[in-house]
Engineer: 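Sending over a structure as structure tokens; questions will come in a sec.
Reminder, nothing fancy here: chain letters follow the sequence lines and each chain counts from 1.
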Amino acid sequence: MATERYNPRDAESRWQKAWDEAKLFETDNDDPREKYYVLEMFPYPSGRIHMGHVRNYAMGDVVARTKRARGFNVLHPMGWDAFGMPAENAAMQNKVHPKDWTYQNIAVMKRQLKSMGLSLDWSREFATCDVDYYHRQQMLFVDFLDKGLVYRKQSKVNWDPEDMTVLANEQVIDGRGWRSGALVEQRDLVQWFFKITDFSEDLLASLDELPGWPEKVRLMQRNWIGKSEGLMLRWEVAGDAPVGEIEVYTTRPDTLFGASFLAIAADHPLAKSLAENNAELAAFADKCRQMGTSVAAVETAEKIGFDTGVRVRHPFDPDWLLPVHVANFVLMDYGTGAIFGCPAHDQRDFDFATKYALPIVTVVAPEAQGASWSVGDKAYDGDGVMVNSRFLDGMTPQAAFNDVAARLEQINLGNQPQGERKTQFRLRDWGISRQRYWGCPIPVIHCEDCGVVPVPKKDLPVKLPDDIEFDRPGNPLDRHPTWRHVNCPECGKAARRETDTMDTFVDSSWYYARFTAPWMNEPTDRKAADAWLPVDQYIGGIEHAILHLLYSRFFARAMSATGHLGVSEPFKGLFTQGMVVHETYRNASGWVVPSDVLIEGEGETRRAKLMSDGSPIEIGSIEKMSKSKKNTIDPDDIIASYGADTARWFMLSDSPPERDVIWTEAGVEGAHRFVQRIWRLIGEAADGLKSASAATGADGEAGVIRKAAHKTLKAVGEDIDKLSFNKAVARIYELVNMLNPALTAIASGKSDTATAAAAKEASGILIQLIAPMMPHLAEECWTVLGHQGMVADADWPKF
RNA sequence: GCGGACGUGGCGGAAUUGGUAGACGCAAGGGACUUAAAAUUCCUCGAUCCUUGAUCGUACGGGUUCGAUUCCCGUCGUCCGCACCA
């Protein structure tokens, strides 16, 4: 029988409707089966989905559907990371309200996601800009405040002059705003902070207990948290000075006898105090402050210093005086803003000492060199043996470290020990205040008499006002005529509402917990959250390796501390998928979109020209799909012409999921050919397969088919468990190639009964194996083969 | 500079624990079917040579081993992260 070509447009919408009506993917919290929580990073509603989303959600859907078939109670929700700057930019540019813009985008993108045929529980959907959601976020904030996990302080902040808002350290990349790309300035502002540093040690140590995370991500977080073991060391100032001592942090107390100077930051209290009466020093400090923090600026900036004239006494020798310099390379926000320089064993100190003719004393000699060795034209930072170090001579640096620490803990300066072991972290508290409208309002009120008063829970939510003007940059909440005027909840006197909103990373730091019971009045249903969490498999881009994933880990801990959760690690398994990349095209007038380009020839003779007039086009490098390079492919177009199954299959084929996948027209067509091939093979053999008997035995051709099918079933299951979708795809191709002759024979009535029985079993397995990847095609084949019910609802085959 | 990952045909990539290198897909070439095209289908497809076969071949140079894409040492290259962090 001739089979018509498979028509995805008809079949896909039909099955999507059928799944919806059967409420197949709506998850019950009371289901007694073992749970499995699979989550893909929820999208920002920028307007339309892109191929990166297609790849991300195709992968997650394979996991979700496979686990469901294997009998797990699967939670697979979707929502919207909906607060953020683009909505305000759109408001300013297009005179559209951020709320309308956001919800319109959500509607469009939801329709697009639905057209992909994902097994999502849409009944749990929310957007972080829903009042229902940010209401609970404000409740969390108040609880955190109560527990001392939130505080306010004046601090130097990263100010993005283009977006006119504050950025967290994590959001400054190479000295530029992560969104605007503008050079970040330093400003002093009073800001709200989450005490993520309370958990520094735990956030670091627990990384070892996350075997389901990529080593790369754990390493990046380790480096970011940046633990170092060292010594706080107090140096007595000799003679007259504004301070009596200078505190220094060092990880190399073993090199104390190689010290030749102290260097302090331009913003160090001593430097500031001295600058008041020293115009030359003040000018120098200004110069330091003006220097950029960008990579280029740091690399090219010369190490410069200014001798303050202040002298300090060496901790082990009161007659040994060392000069104190202000130096541009010392940072106020790490350690104490002061260091001691040991030129022989630190390259930066070496350069500085050379420039200002300070002594360079070798105190560590490599084992092989002997005690008379000394450093040449560069610092030595390796291991060895202590020399020129009085009582430390002959020790290893490690032993010397311990000896110096032990001695200085016993010596008092004033009434405190002169030295103290100290663990230092690079991680800073998370500044969350943003001077923006489209974010979650920080629920506090400033009262002249009572100070900072949290909004009582009964008065929550603090809703964003809808009547708002976007005629100028800056925070519109500040300019609203009435919104910020409230009475103090404590004394009733006229007071001022906080007009800063929260960093949008706060919104995405706990959404995974909210999904477990989004209908609750409290932020979580403790029982449901504890039952569902941690997320078993979380899938998203590597670009969130630090920011989002670290903040989420902090939030799980903070929510545990405030009783909202019982787990501290939100994501048990993490997978970071690669990007979708595409060739770029350009001509004299700039980038050209792929749909306007005609490609001819191949290899050396491969040329591109403009579709409309045939003018030549330069084929550029392969880059991440982006609007700026115009090398994007719209998922809508692909789904319209090939169907969602083709798009999904292509995304899962060939490239290992953690690597970038190159989008090519030929690749998509290849995927589509396979869709049609399955349909044709199954369709033409359907009658013969339906009438075949159940397979038994393992002899002859039938046995070969049965063995191959069972082997594939096992291997594909294992590949999916390891998220090796490309390998699973290859094995399915192999099975189909293998099955091809038998199915063709059945279609033409030339098959024996044993082979037909084996092919019937193998075809059933094949359809179930492709079901998680190409669910619509699988349903269509399932029906044609005469099965009752939907393959999406069928148990994973056993053998 | 520090840390990490990687390097296999024309391309994307396979190869379970050290055991037939190149599965599977894409591209290409040739044949069948067709008036033709599309679709489909069959064959070929790492290199070299004296081509029924042999030799070489997983960035390069060594090593361990009966046997190395896999393990070890070194070199080169690519990519990623961090970075005046005391």
Engineer: What is the separation between atom CG on A/Leu652 and atom C1' on B/G13, rounded to the nearest whole Å?
Structural biologist: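 These atoms are roughly 15 Å apart.
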
Engineer: Need the glycosidic conformation of B/G9: syn if within 90° of 0, anti if not. Which one?
Structural biologist: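 Syn, which is what one calls it when the glycosidic angle falls within 90° of 0.
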
Engineer: Below the 4.0 Å mark, does B/A86 have OP1 or OP2 next to a side-chain nitrogen or oxygen of A/Tyr334?
Structural biologist: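 True: A/Tyr334 side-chain N/O within range (under 4.0 Å) of B/A86 OP1/OP2.
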
Engineer: Which residues pass the side-chain hydrogen bond (donor to acceptor under 3.5 Å, both in side chains) test with A/Glu665, not counting sequence neighbours?
Structural biologist: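 side-chain hydrogen bond (donor to acceptor under 3.5 Å, both in side chains) list for A/Glu665, sorted by chain: A/Tyr642.
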
Engineer: Want to settle it: does A/Met220 or A/Arg659 sit nearer the 5' end of RNA chain B, counting the closest nucleotide to each?
Structural biologist: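 Result of the comparison: A/Arg659.
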
Engineer: Using the side-chain contact (heavy atoms from CB on, under 4.5 Å) criterion, which residues pair with A/Arg407? Sequence neighbours excluded.
Structural biologist: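 Scan of A/Arg407 (side-chain contact (heavy atoms from CB on, under 4.5 Å), adjacent residues dropped) gives A/Phe316, A/Phe391, A/Asp403.
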
Engineer: Any carboxylate oxygen within less than 4.0 angstrom of a Lys/Arg side-chain nitrogen, looking at A/Lys714 and A/Glu718?
Structural biologist: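 So A/Lys714 pairs with A/Glu718 through a salt bridge.
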
Engineer: Which residues pass the ring pair (Phe, Tyr, Trp, His ring centres under 6.0 Å) test with A/Phe725, not counting sequence neighbours?
Structural biologist: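 Per chain and number, A/Phe725 pairs via ring pair (Phe, Tyr, Trp, His ring centres under 6.0 Å) with no residue.
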
Engineer: Nearest nucleotide by nearest heavy atom, which residue falls closer to the 5' end of RNA chain B, A/Asp346 or A/Asn740?
Structural biologist: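 Checking each residue's closest nucleotide, the 5'-ward one belongs to A/Asn740.
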
Engineer: C1' atom, B/C76 versus B/G61: distance in rounded Å?
Structural biologist: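 To the nearest whole Å, 10 Å.
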
Engineer: Checking A/Ala344 now: which residues fulfil side-chain contact (heavy atoms from CB on, under 4.5 Å) with it, not counting sequence neighbours?
Structural biologist: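 Residues passing side-chain contact (heavy atoms from CB on, under 4.5 Å) with A/Ala344: A/Ile360, A/Thr362, A/Val375.
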
Engineer: Find every protein N or O atom lying less than 3.5 Å from an N or O atom of nucleotides 21-26 of chain B, and list the pairs.
Structural biologist:
unit_1: B/A23; atom_1: O2'; unit_2: A/Glu734; atom_2: OE2; d: 2.7
unit_1: B/G25; atom_1: OP1; unit_2: A/Asn737; atom_2: ND2; d: 3.4
unit_1: B/C26; atom_1: OP1; unit_2: A/Arg673; atom_2: NH2; d: 3.1

Engineer: Roughly how many Å is it from CD in A/Gln424 to P in B/A86, rounded to a whole number?
Structural biologist: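 To the nearest whole Å, that distance equals 9 Å.
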
Engineer: With both distances under 3.5 Å as the test, what is the Watson-Crick or G-U wobble partner of B/G22?
Structural biologist: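 Pair assignment: B/G22 / none.
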
Engineer: Quick one: list whatever passes side-chain contact (heavy atoms from CB on, under 4.5 Å) with A/Glu247, sequence neighbours left out.
Structural biologist: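 Result, side-chain contact (heavy atoms from CB on, under 4.5 Å) vs A/Glu247: A/Met232, A/Arg234, A/Thr336.
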
